[in-house]
Amino acid sequence: MGSEALYWELAAAASRGDIARVQALSSDSLHPALGLAFTGGAEFVVGDFERAVITTERARISSADAGALVQLFALSFRVLASAGVAWEDPTTDDGFPELWGRRGALTAIDHSILPVARFAMVEAAFATGRFEQAAEVLGPVDDVLQVGAGIRPFPALLLQPARLMMFRGDAAAARPHLDAALRCAQDQGDDIWTRCVKAATVFAAVQCGETAGLDEADRELFDLSIAPSGYLDAAAFAFLAYARAAVGQLSKAEEILRVAGGPRFGYLQVADRALCCDILIAAALERGDIAEAELIVAELLPLTAHPGAHVVVEQAFARIDAAGGRMIEAAERAAVAAARAVLAGRYRDAANVRMVRARALAALGESEQAVQEYLSTLAGSGDHGVERLALRQLRLLGRRPRPALGSGWTALSPREREVAALVAGGQSNRVIAATLFVSERTVEGHVSRILSALGVTSRSGIPARMLGHLDAASPPAQQLTPRQQLTAELVATGLGNIEIAGRLGVSVKTVEKNITEILRRWQLTSRTGIARMIIDAPVLSDL
């Protein structure tokens, strides 16, 4: 086996937790530190975190006389191992500063081995909560989907960018990487990685607003009477719990996490342990059990100093403060945690902790500050579940921000959908106001939100974005000439008269004349009515 293929095989075996395979591949021709480094990585994957620290520390020490590549792997796996154990001292050096200082060595590594070296360093950064650095080392994510010819990728490599994207708040971009990782795991017959990727895919789907199928996913992936037997198995449980918590199903998330070993979670690395404890705390507080929440938060105390957990630990303590009526303390803790999360590139964590801060501010009577926190959450979470909660809280505070541009029909309230149907039918604001017994000003506000949600700039563009949500229009009274038909079709796209004139090479006055005649022939009163007729009732022109 060539050295290039050997590095890939070592990384693949370590990512599966196959210690025996790693040791078999670590031949006498390799530097001893390299075999120790990958062995420590495999020990981490099986959940033997303490042993992984010892093994990777040996690799780090023995790599002193090795080349830059071996030192890079030794340091990367040493930092990764530190993500599995609690820190007693906030000044603990896990080796990351030294590793980060050596990242320039990546530029000198042979291209055929570079993806594996990057993989090790990104895992080290991500697992210890340094998302910004992980993203910087990862580089162009499309490169991960295009590994070299003759190289056999492994699921962990393809899943890595997806995990980073999901926890940075961009689950939509993670989807192709999840698909690639799943195909890879299935092709290789790797059941544990298949289950882990499927669970991550469920979490990504929920972040993207797709909430159906959670019960089916539970039944397919797990027997919830059997506890996980290693880090990957436990991580799959955690992904499903994250998905449940994201849609507010805290009791179901708690059920999953209790099976997964909560609240101590022996097989989870520190960052996941903290996230899962926070979910258990939120579930306890939801049912009013502050005593239980305080018992769980005690499990987080040893994790306070860890860079992968400190944001979530502060968030959990903020929840406890708020539940105990200590709103000032809760708001202050959450502010610190949010700032730390943003600095580390952990935008989803920042959004979650801002929600805690906003609720505390609202309880203190600081409504405007609470509104700003909720608006910041909407701008930066990238998680539909978090955004739904923020919108609900904003409505309770009497605020309803404009939907994100192009967010679609589901972003509209029932009343806004009713107004949209009337607008699509060609009704004016005055008629809509009279029909719904509201003011014209209220209708104007609804129309503004509708235009934003449907991603159009004019009322005539609304019908085309409402296919499937409207009753069919009545057949047209008369047919149109070919030029009138073409004009009507351009009106239905939302174009103005000047733009239509430019498209057809005629004067604006000619366009106005054609539109007047269309309205007469079809017995309509507005351009939106023309658009509705084009969308719902295609017609033949005069020949």
- Task: Start with the C-alpha gap between V419 and E416, add the side-chain angles, then the distance that decides, and say whether side-chain contact (heavy atoms from CB on, under 4.5 Å) holds.
- Result: CA-CA 5 Å; V419 171; E416 287 162 354; 5.5 Å; no
[Y] backbone acceptor or donor facing [X] side chain under 3.5 Å:
X    : Y    : answer
E299 : R264 : no
S82  : V79  : yes
R103 : W100 : yes
S15  : A12  : yes
Q188 : F154 : no
D272 : L268 : no
R258 : L280 : no

Value rounded to 0.5 Å, distance of [atom1] in [X] from [atom2] in [Y]:
X    : Y    : atom1 : atom2 : result
M121 : E136 : CE    : CD    : 10.0 Å
Q186 : D191 : CD    : CG    : 10.0 Å
E57  : L36  : CD    : CG    : 11.5 Å
E286 : S251 : CD    : OG    : 7.0 Å
L106 : R118 : CG    : CZ    : 7.0 Å
L72  : L34  : CG    : CG    : 11.0 Å

Could you report the tightest heavy-atom contact between [X] and [Y], atom names first, then the distance?
X    : Y    : value
R175 : C208 : NH1-SG, 3.4 Å
R357 : A335 : NH1-CB, 3.6 Å
A370 : A358 : CB-O, 3.4 Å
T211 : V247 : CG2-CG1, 3.6 Å
A390 : T377 : CB-CG2, 4.2 Å
Q269 : A83  : CB-O, 3.4 Å

Is the closest side-chain heavy-atom distance between [X] and [Y] below 4.5 Å?
X    : Y    : result
Q393 : E373 : no
V85  : V270 : no
F239 : T201 : no
V342 : R354 : yes
E132 : R168 : yes
F126 : L138 : no
T56  : L80  : no
R319 : R359 : yes

- List the steps and the verdict of side-chain contact (heavy atoms from CB on, under 4.5 Å) for K252 and L214. CA-CA 10 Å; K252 186 62 178 180; L214 282 174; over 6 Å; no
Any salt bridge linking [X] with [Y]? Criterion: basic side-chain nitrogen under 4.0 Å from a carboxylate oxygen.
X    : Y    : result
R244 : E255 : no
E123 : R163 : yes
E43  : R58  : no
R346 : D349 : yes

- Return each pair, listed once, that meets ring pair (Phe, Tyr, Trp, His ring centres under 6.0 Å) where at least one residue sits in residues 183-212; pairs must be two or more places apart or across chains. F167-F203, F203-Y242
- Output every pair passing ring pair (Phe, Tyr, Trp, His ring centres under 6.0 Å) with a member in residues 314-333, not counting sequence neighbours, ordered by first then second residue.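 Those involving residues 314-333 do not exist here.
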Does [X] have any ring pair (Phe, Tyr, Trp, His ring centres under 6.0 Å) partners at least two apart in sequence or in another chain, and if so, which?
X    : result
F77  : F38
F44  : F49, Y231
H306 : W87

- Item | Within the 6.0 Å centroid threshold, strictly below: F237 and Y267 |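 No, the ring centres sit 6.0 Å or more apart.
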- Message: Restricting to salt bridge (charged side-chain N to carboxylate O under 4.0 Å, His left out), what partner residues turn up for E98, sequence neighbours left out?
- Response: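 Result, salt bridge (charged side-chain N to carboxylate O under 4.0 Å, His left out) vs E98: R60, R102.
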- Task: Walk me through it: do L295 and E292 pass the test side-chain contact (heavy atoms from CB on, under 4.5 Å)?
- Result: CA-CA 5 Å; L295 286 175; E292 172 68 13; 4.1 Å; yes
- Atom CG of L364: over 12 foreign heavy atoms under 6.0 Å: yes
- Give the intermediate values and the outcome of side-chain contact (heavy atoms from CB on, under 4.5 Å) for residues L300 and I296. CA-CA 7 Å; L300 287 175; I296 298 169; 5.8 Å; no
- Message: Could you tell me if N352 and Q315 have a donor-acceptor pair between their side chains, going purely by distance under 3.5 Å?
- Response: no
